[in-house]
Amino acid sequence: PSVGDNKDEL
Amino acid sequence: MNIFRLAADVLHVVSIFLLLLKIKTSHSCAGISLKTQFLYMIVFSTRYLDLFFTKPWHSALTFYNTIMKILFLSSSAYTIYLIRNRYKHTYDKVHDTFRIHYLIAGSAVLALVFHIRLTPFEIIWAFSVFLEAVAIMPQLLLLQETGQVENITSHYIFCLGSYRALYICNWIWRYFMEHRRNQWLAWACGTVQTLLYADFFYYYILSQRQGKKLRLP
């Protein structure tokens, strides 16, 4: 998915 | 990666370890809410869909995240297996009565209304964030119903709550050091989730000071 830097956490 | 984030993740792993240790050593899952574990399973499996799309070796952080995601998914599945199969007879079904379908439906509606972008993955991600915020509620209700809490169970919830509190420190850090903005959804839900533990924290610290078992009023 187009996660970008927004989903770098758990 | 900063020290708060790392400490938070370590506490999350410790909490899972404590939960499994409690079940294994006492040969019982008394006081453990199957419903909360089930909600975590939904949270992890909806949030970590990117496991199918992300290359683990893309960067050190991706590799770390991938290992953690697999660990969270497999440990919650294993916990559910233990409660539903091996230690089924010790499961406190009578008190574990929280109506989780309201939580699931509520999170789904909220995700449809509030999301970062109108794409299936973003909506599913938002759903997992909303659901995680309230997933501990059946566990807290179960403890309140039964009153007396085993030490190791209270440590489990304390670690889980501290993990969320440290994530808030991590966000404050990243806000100032990495100028990371526009994370309102995760911030809001993370704060609500941490607040849910506040009451529990109070009684936990009280019981630790007095060197007694935790008793919830």
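Here the structure is a predicted model, which means the values were calculated and not measured. Here is how names work: the chains are called A, B, and so on, in the same order as the sequence lines, proteins then strands, and each is numbered from 1.
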Asks: Look at atom CH2 of B/W173 and say whether more than 12 heavy atoms of other residues, nucleotides or ligands are closer to it than 6.0 Å.
Replies: no
Asks: Under the salt bridge (Lys or Arg N to Asp or Glu O under 4.0 Å) definition, can you give me all pairs with a residue in residues 63-83 of chain B, not counting sequence neighbours?
Replies: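 Listed by first then second residue: B/D50-B/K69.
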Asks: Considering residues at least two apart in sequence or located in another chain, which fulfil the ring pair (Phe, Tyr, Trp, His ring centres under 6.0 Å) criterion with B/F158?
Replies: B/F201, B/Y204
Asks: Does the distance from a Lys or Arg side-chain N to an Asp or Glu carboxylate O, for B/R5 and A/D8, drop under 4.0 Å?
Replies: no
Asks: Quick one: CG on A/L10 to CD1 on B/I67, what's the gap to the nearest 0.5 Å?
Replies: 11.5 Å
Asks: Heavy-atom distances under 4.5 Å only: say whether B/F44 touches chain A with side chain, backbone, both or neither.
Replies: neither
Asks: Tell me, side chain or backbone of B/Y167 under 4.5 Å from chain A's heavy atoms, or both, or neither?
Replies: side chain
Asks: Quick check on B/R181: does its CZ atom have over 12 non-hydrogen neighbours (other residues, nucleotides or ligands) under 6.0 Å away?
Replies: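 Check passes, neighbour count above 12.
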Asks: Counting a contact as any heavy-atom pair under 4.5 Å apart, which residues of residues 7-15 of chain B contact chain A?
Replies: B/D9
Asks: Looking only at the side chains, is there a donor atom on one of B/N65 and A/E9 sitting less than 3.5 Å from an acceptor on the other?
Replies: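 No pair is found: no donor N or O on one side chain lies under 3.5 Å from an acceptor on the other.
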Asks: For residues 29-39 of chain B, please give each side-chain donor-acceptor pair under 3.5 Å, one per line with the distance, not counting sequence neighbours.
Replies:
{"unit_1": "B/S33", "atom_1": "OG", "unit_2": "B/K35", "atom_2": "N", "d": "3.3"}
{"unit_1": "B/S33", "atom_1": "OG", "unit_2": "B/T36", "atom_2": "N", "d": "3.1"}
{"unit_1": "B/S33", "atom_1": "OG", "unit_2": "B/D96", "atom_2": "OD1", "d": "2.9"}
{"unit_1": "B/S33", "atom_1": "OG", "unit_2": "B/D96", "atom_2": "OD2", "d": "3.4"}
{"unit_1": "B/K35", "atom_1": "NZ", "unit_2": "B/F98", "atom_2": "O", "d": "3.1"}
{"unit_1": "B/T36", "atom_1": "OG1", "unit_2": "B/A135", "atom_2": "O", "d": "2.9"}
{"unit_1": "B/T36", "atom_1": "OG1", "unit_2": "B/Q139", "atom_2": "N", "d": "2.9"}
{"unit_1": "B/Q37", "atom_1": "NE2", "unit_2": "B/Y156", "atom_2": "OH", "d": "3.0"}

